[in-house]
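Remember, it's 1-based here, ligands and their atoms both numbered in the order they're listed. We're numbering straight along the sequence, starting at 1.
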Amino acid sequence: MVNDTIAAIATAPGEGGVAILRVSGELSEAIMRSAFRPARGYKKGKIESHRMYYGHLVDADGGKLDEVMAVLMRGPKSYTLEDVLEISCHGGRAAIRRALRRVLELGARGAEPGEFTRRAFENGRIDLTQAEAVMSLISAGSDAAYRAGMRQLEGGVSAFVKECRTLLLAVMARIEAANDFPEEIDEPAEAREAASEARKIAERLRGRADAKAAKIVREGVSVVLAGKPNVGKSSLMNALLGSERAIVTEIAGTTRDVLTESMTLNGIRYTLSDTAGRRETGDLVEAIGVKRAEDAAKSADVVLMVLDAERGPDEEDERLLRERDERYIVVWNKSDVGEAKPESLGEAIEVSAKTGEGMDALIRAIEAKGGSAGEDGGLLTEERHIALALRAADSLTMAADALDMGQPLDMASADLWDAIRYLGEITGEDATETLITEIFANFCVGK
Ligand SMILES: Nc1nc2c(ncn2[C@@H]2O[C@H](COP(=O)(O)OP(=O)(O)OP(=O)(O)O)[C@@H](O)[C@H]2O)c(=O)[nH]1
Ligand SMILES: [Mg+2]
């Protein structure tokens, strides 16, 4: 298959010191020769692969467009396995647009989102999980997400899936042999053995497909501060963030809108949302804020129900406390001025947003409630991988059940083939064109 030559700006849009223009395809070298003039020429007229040249980007008449560095990476030693040209230009919007235009003039076409990575996948340098890892790494906002992305890029997920697939193929081979040579093989014993193998593989798959832990790695944990007006939600938000982000006043009803900020604890991202104090109100704006506060609490992973220790609980607090479920942490704020909380309300944490007392305990409670990202080793973190691994595990369980019930061997083998196909879809071996297009469409241009 002959690919055309594609080009895109690989760096983020906006102003920056340097921006990188990337080209991939067989015109790369010709484009470099026309659009770039090296300050000291090329030795014997040859462009050395993987060598940075200093010089100028020039237009068709040889006029200087920018002062740049250019490198040609001849395939297959390149990101896409094709000839790749990268030009580092000055990062202004106009400068980079001119550079791109020049390269397009010379026969390249603008790349689709993710097209460079798609070529790396289609040319066989990486599998689908590794291509997806490129995207995860680009969007990783926490250490946990970054580590998971790196592990996936290095082939950790592929290795695990391929290992399961190989084990499964061995089970298949067993069953086929028993089917083909019934006289020589003890069928029931063989079926029992195959069922137990299939169950073991299903367990391994389920063990690595923890959807909750994966969501924590990818998206982090959402924490909402809820409660009546004036109990100190905004003050607590500021104390947790370590900055005066939210407005605090002694007036009840200060916070109107939902205010969201993130922080990182032990490599995991927590998004904190301060909300309007919950009360009946005739004020239209405040009423909308209260509605938003209710919605935010409903969808949060963790809710900090804040109470005022100075005033003690009233009917309104008790009404709010009745909404409590396992996501809630009850927090008595203003412990510096307030009495201890009544035992009747159950487990609670006492803090003072003002003095910082109790904040460590609160942070530990948030971490415990939010859940952990699980063991780092080989965890599946993409939703797509988890869904397919679980489907494969279910097919395996069905196959094992059929085998244990003494059903004909070829009944089980249909389920086993399904499982093998699901696993192949994870790495891309059995993925359809539509699926692949869908995955790459979520990429950014230039990657
Ligand atoms: N003594 C003491 N006062 C506090 C503490 N936390 C908050 N306050 C005071 O309580 C008042 C209300 O604080 P906010 O943080 O604005 O309360 P809120 O819950 O966000 O209020 P709304 O936005 O109106 O819902 C302010 O005057 C704060 O200074 C605390 O730990 N100790
Ligand atoms: Mg507030």
Side-chain angles (χ1 to χ4, degrees), residues 221-263 265 270-324 327-343 345-367 369:
V221 176
S222 59
V223 181
V224 164
L225 290 124
K228 279 188 325 186
N230 217 38
V231 294
K233 298 179 296 300
S234 300
S235 306
L236 264 180
M237 165 102 164
N238 291 344
L240 285 166
L241 291 173
S243 79
E244 297 304 306
R245 182 69 182 82
I247 299 173
V248 170
T249 73
E250 64 286 350
I251 304 163
T254 298
T255 305
R256 298 297 187 91
D257 217 335
V258 178
L259 182 74
T260 301
E261 277 292 334
S262 56
M263 64 174 186
L265 294 174
Y270 290 79
T271 25
L272 298 178
S273 297
D274 181 23
T275 62
R278 300 267 297 272
R279 66 171 171 187
E280 294 289 328
T281 170
D283 183 308
L284 178 64
V285 179
E286 191 181 351
I288 295 171
V290 169
K291 173 78 175 64
R292 290 191 178 184
E294 288 168 8
D295 292 345
K298 274 181 203 140
S299 63
D301 296 320
V302 176
V303 180
L304 303 185
M305 172 61 75
V306 187
L307 305 170
D308 187 334
E310 188 179 21
R311 303 223 181 117
D314 61 13
E315 274 174 27
E316 183 65 15
D317 287 317
E318 274 160 25
R319 200 178 59 74
L320 289 176
L321 281 168
R322 277 197 290 276
E323 293 174 10
R324 184 166 36 162
R327 301 170 301 138
Y328 279 61
I329 299 173
V330 178
V331 184
W332 284 97
N333 185 34
K334 311 194 188 181
S335 63
D336 54 307
V337 285
E339 288 296 304
K341 40 105 192 181
E343 290 298 329
L345 284 174
E347 210 178 312
I349 291 177
E350 289 172 65
V351 301
S352 165
K354 195 169 183 175
T355 65
E357 189 190 328
M359 290 302 287
D360 285 343
L362 176 60
I363 286 172
R364 279 197 303 275
I366 293 173
E367 286 186 298
K369 205 45 110 183

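Met237 has its side chain out of reach of Thr255: every pair of non-hydrogen atoms, C-beta onward, lies at least 4.5 Å apart. For the pair Met359 and Leu240, the minimum side-chain heavy-atom distance is below 4.5 Å.
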> What do the steps show when you test Asp274 against Arg245 for salt bridge (charged side-chain N to carboxylate O under 4.0 Å, His left out), and what is the final call?
Replying inline: CA-CA 10 Å; Asp274 181 23; Arg245 182 69 182 82; over 6 Å; no
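Comparing Thr249, Thr255, Ile251, Val290 against atom 23 (O) of ligand 1, the shortest heavy-atom distance belongs to Thr255. Around atom 29 (O) of ligand 1, the closest heavy atom drawn from Asp336, Val248, Thr275 belongs to Val248.
Annotation: Ser335 places no N or O atom under 3.5 Å from an N or O atom of ligand 1; distance criterion only. Checked by distance only, ligand 1 and Asn333 come closer than 3.5 Å through their nitrogen or oxygen atoms. Residue Val231 places at least one N or O, backbone or side chain, under 3.5 Å from an N or O of ligand 1. Distances between N or O atoms of Ala353 and those of ligand 1 include at least one value under 3.5 Å.
Between Lys334 and Asp308 there is a salt bridge, with a side-chain nitrogen of the basic residue lying less than 4.0 Å from a carboxylate oxygen of the acidic one. Residues Asp317 and Arg311 are not paired through a salt bridge, judged by the lack of any N-O separation under 4.0 Å between the basic side chain and the carboxylate.
Nearest protein heavy-atom neighbour of atom 22 (P) of ligand 1: Asn230 N, 3.6 Å. Closest to atom 24 (O) of ligand 1 among all protein heavy atoms lies Gly253 N, 2.7 Å. Nearest protein heavy-atom contact of atom 17 (O) of ligand 1 is Gly232 N, 3.1 Å. When hydrogens are left out, the protein atom nearest atom 13 (O) of ligand 1 is Ser235 OG, 3.5 Å; that is the closest non-hydrogen contact. Closest to atom 18 (P) of ligand 1, if we only count protein heavy atoms, is Lys233 N, 3.5 Å. At the top of the distance list for atom 5 (C) of ligand 1, counting protein heavy atoms only, stands Lys334 CG, 3.6 Å.
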Report all side-chain donor-acceptor pairs from residues 286-293 shorter than 3.5 Å, counting only partners two or more places apart or in another chain.
from: Glu286; atom 1: OE1; to: Arg279; atom 2: NH2; distance (Å): 3.2
from: Glu286; atom 1: OE1; to: Thr281; atom 2: OG1; distance (Å): 3.3
from: Glu286; atom 1: OE2; to: Arg279; atom 2: NE; distance (Å): 2.8
from: Glu286; atom 1: OE2; to: Arg279; atom 2: NH2; distance (Å): 3.1
from: Lys291; atom 1: NZ; to: Asp295; atom 2: OD1; distance (Å): 3.1
from: Lys291; atom 1: NZ; to: Asp295; atom 2: OD2; distance (Å): 3.0
from: Arg292; atom 1: NH1; to: Asp257; atom 2: OD1; distance (Å): 2.9

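Side-chain atoms of Ser352 and Ser335 form no donor-acceptor pair, as typed in the model, at a separation below 3.5 Å. With hydrogens and angles left out, the side-chain atoms of Thr254 and Thr249 include a donor and acceptor closer than 3.5 Å.
The only member of Glu315, Glu316, Glu323 that meets side chain to side chain donor-acceptor pair (under 3.5 Å) when paired with Arg319 is Glu316.
The atoms of ligand 1 that sit less than 4.0 Å from any heavy atom of Ala252 are 24 (O). For ligand 1, the atoms sitting less than 4.0 Å from at least one non-hydrogen atom of Ser352 are 31 (O), numbered in the order shown with element in parentheses. Atoms of ligand 1 found under 4.0 Å from any heavy atom of Glu250 (numbered from 1 in listed order, with element): 27 (O). Of all atoms in ligand 1, listed by their number and element, those nearer than 4.0 Å to a heavy atom of Gly277 are 25 (O). Those atoms of ligand 1 that come under 4.0 Å of a heavy atom in Val337, given as number and element, are 1 (N). The distance from ligand 1 to the heavy atoms of Lys354 drops below 4.0 Å at these ligand atoms: 1 (N), 2 (C), 30 (C), 31 (O), 32 (N).
A donor-acceptor pair is defined here as one N or O able to donate and one able to accept, closer than 3.5 Å; no such pair exists between the side chain of Asp301 and the backbone of Val221. Between the side chain of Thr275 and the backbone N or O of Val258, no donor-acceptor pair lies under 3.5 Å.
One distance of note links CD of Glu310 with CG of Asn333; it measures 10.0 Å at 0.5 Å rounding. Distance CZ/Arg327 to CG/Leu304: 11.5 Å, rounded to 0.5 Å. The CD1 atom of Ile329 lies 12.0 Å from the CE atom of Met305; values are rounded to the nearest 0.5 Å.
Between Glu347 and Val330 the shortest heavy-atom distance is O-CB, 3.9 Å.
Any protein N/O/S atom under 2.8 Å from the Mg ion (ligand 2) was counted, giving 2 altogether.
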